[in-house]
There are 2 protein chains.
Amino acid sequence: MPPRRPVQRATINDVARVAGVSRGTVSRVLNGETYVSDAARTAVEAAVAEVGYVRNAAARNLVTRQSGAIGLIVHEPHSLFLEDPNIGSILLGINAVLSEADYQLVSLVVDSDRDGVRVASYLTGGYVDGVVIISARENDPIGLAVARSGLPAAFVGHPMDIEGVPYVGIDNRSAARAVTERLMATGRQRIGMIAAGLDRDSGQDRLAGFTDALGDRFDPRLVVEVPLFAHSSGIAGMRELLTHDDRVDGVFASSDAIAAGALDAMRDVGLSAPGDIGVVGFDDSAWARRTQPPLSTVHQPADLLGRRAAELVLAQLEGRSVEAEGSFLETTIVWRDSA
Amino acid sequence: MPPRRPVQRATINDVARVAGVSRGTVSRVLNGETYVSDAARTAVEAAVAEVGYVRNAAARNLVTRQSGAIGLIVHEPHSLFLEDPNIGSILLGINAVLSEADYQLVSLVVDSDRDGVRVASYLTGGYVDGVVIISARENDPIGLAVARSGLPAAFVGHPMDIEGVPYVGIDNRSAARAVTERLMATGRQRIGMIAAGLDRDSGQDRLAGFTDALGDRFDPRLVVEVPLFAHSSGIAGMRELLTHDDRVDGVFASSDAIAAGALDAMRDVGLSAPGDIGVVGFDDSAWARRTQPPLSTVHQPADLLGRRAAELVLAQLEGRSVEAEGSFLETTIVWRDSA
DNA sequence: GCTTATTCTGGGAGCGTTCCCAGACTCTCG
DNA sequence: CGAGAGTCTGGGAACGCTCCCAGAATAAGC
């Protein structure tokens, strides 16, 4: 079949001609301004329908200096992007708020460094009026570029090395502390952790909270670091942990997927939860309800995270000042059967 | 903190002034044209760095009539969007191809009808040069709007009611037939199906393939329709199926998530796979390797689906004609332990 | 009826680019 | 040395829209 080509589009002048009015009047009708006679309005509306007019976004953006779009940057390696249980909900939360305010969300997935360059110029080139950035690691060039650009922005999560951009996150440290304490309170004596994502604040804070809770009883040999927040990492991590100490009776995993992997690794060697080892996850993702036994875990308000971030951007767009640099949303512990 | 405001941006005229050349020369350098002296080129590059110039996208789009961006429309109810195991891979496949060709992918998630209107005008307003649409249902207004717009486009999946737009999909019917036949070949006598998504071609075709394979032995009472491609639907579907006939010994599920739910429902009533009932899923998603036992399923080349769709759009953008209206990619059956 | 508001309209200017034409300057070659 | 080709540059015009000013038409007030 022949290539599809956009048809020659009608301009505001065509509409004006057909409607028998001037360019200015058409523009006024299009933008819903007052001071337009009913006769003119109906004529323009009919003409718009007749010629199939759609406003040229580029021309409009050029003069108004805004695009009506907000960017969402998801900067994750592919594997993480596919695994992350929160991104979907965050995205939907953002979309809900922006949709309400009549902004269009455009998501940019950044993979390679090459993408990074293109995305940075996309953002600063005026395609978007603001931006939400998920999961900025340390030294994230895009985060830095956005911070420098002055573009209204908000982070989901708290980048450690960027200032002046508001953020909304959860208090990973407190949540990890609370859940670890609860594990201790159920009588667990030798509690280990399978930690992931130590290159970002969330990962580090979860580890810190775990350490906080254990205090003197903290034993570094019981912390295993794994590369991904993934099921496979959970399996590997649990196996390694058991070689370090086969009397482990509690495990805090950095994510539900890791916890699920840990449960599977345990099953392979004849151990079960919560009997032999109490296992706790993080995220309260779809995983948590589907493992055997269902996971005790920390519930993350992902949807709300997205909504808040979007609101932060909108506030700036409207010229309102943002009260605090950052805020943390409440997490709740969901105690199921795995611990 | 005060609202962030984009700083006043430098224009090409500022660059020209600083570099001591004309607007035209700056433009030539920016666009990598020949016929620019080395002296001018270096002067311009230095000036660009000095004033922090970034090209204004709107102005450029206005005159070139292109945006350098391709839209991806994901038109799914929220629940599906979060569950769908393929969307992520498709997106990454598209992104890989477009990134190579230096196009920026912008993803638009459509939820409400209100979003639909905004998205349609976004697409036809010149923000994107082309578009990939995932999962168009019947009477999808956005699919229709795109088809009518003449915008270079491609569907992932085969919309039943839209013509003239190329698509790439998988042969759901053959795949379903093949997998059902294999289930029969292993000696299953009473094979049921838990079917989802009958409002779209993929769902209908899977059911049709299932019916094809069974031929005379098809028993409509053994087909249970569920609303979502989800775990919870699998649980409900399996329970319902067992009330219809408690001697079922084989089940084909429309997705891995459904199959996983079916396995859980079976476990609850003391049945197991493959001993009591052989269970087969669809997608070969992350689920498949994590159920107990691991699922036999149909592997969907999601990444490739995305790549092909992106290539179809690029071909049109380059004015090449597209050989066939649609194509179907090969699926493979992955036989694990659940059947 | 005349003045002053109020409502409505047309069209010039300008947004920041690219495109393209005309002219200047530099080679090359007979 | 002069003609022609090749290289390089400046700047006018246009892209399609919004903004805004000035003026026309209508309504309101005395």
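- Atom CG of A:Asp38 is surrounded by 12 or fewer heavy atoms from other residues, nucleotides or ligands within 6.0 Å.
- A:Asn31 and A:Arg60 share a side-chain donor-acceptor pair at under 3.5 Å.
- Counting all heavy atoms, side chain and backbone alike, B:Ala153 lies closest to B:Gln316 at O-NE2, 2.9 Å.
- In this entry the distance linking CZ of B:Arg17 with C1' of C:dG16 reads 14 Å, nearest Å.
- Within the nucleic acid shown, B:Ala40 comes within 4.0 Å of sugar-phosphate atoms alone, with no base atom in reach, counting heavy atoms only.
- Across all non-hydrogen atoms, the minimal contact from B:Arg23 to B:Ile12 is CG-CG2, 3.8 Å.
- Looking only at atom types and distance, the side chain of A:Asp129 has a donor-acceptor partner in the side chain of A:Ser67 under 3.5 Å away.
- Rounded to a whole Å, the OH atom of A:Tyr35 is 19 Å from the P atom of D:dA24.
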Problem - Per-nucleotide protein contact string for nucleotides 17-24 of chain C (B base, S sugar-phosphate only, - none; heavy atom under 4.0 Å) - result: BB-B----

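- No side-chain N or O of B:Asn56 forms a donor-acceptor pair with one of A:Arg65 less than 3.5 Å apart.
- Where B:Val36 and B:Leu62 meet DNA chain D, the nucleotide closest to each residue was compared, and B:Val36 sits on the side nearer the 5' end.
- In this structure, B:Thr34 does not reach the D:dT7 phosphate: none of its side-chain N or O atoms is under 4.0 Å from OP1 or OP2.
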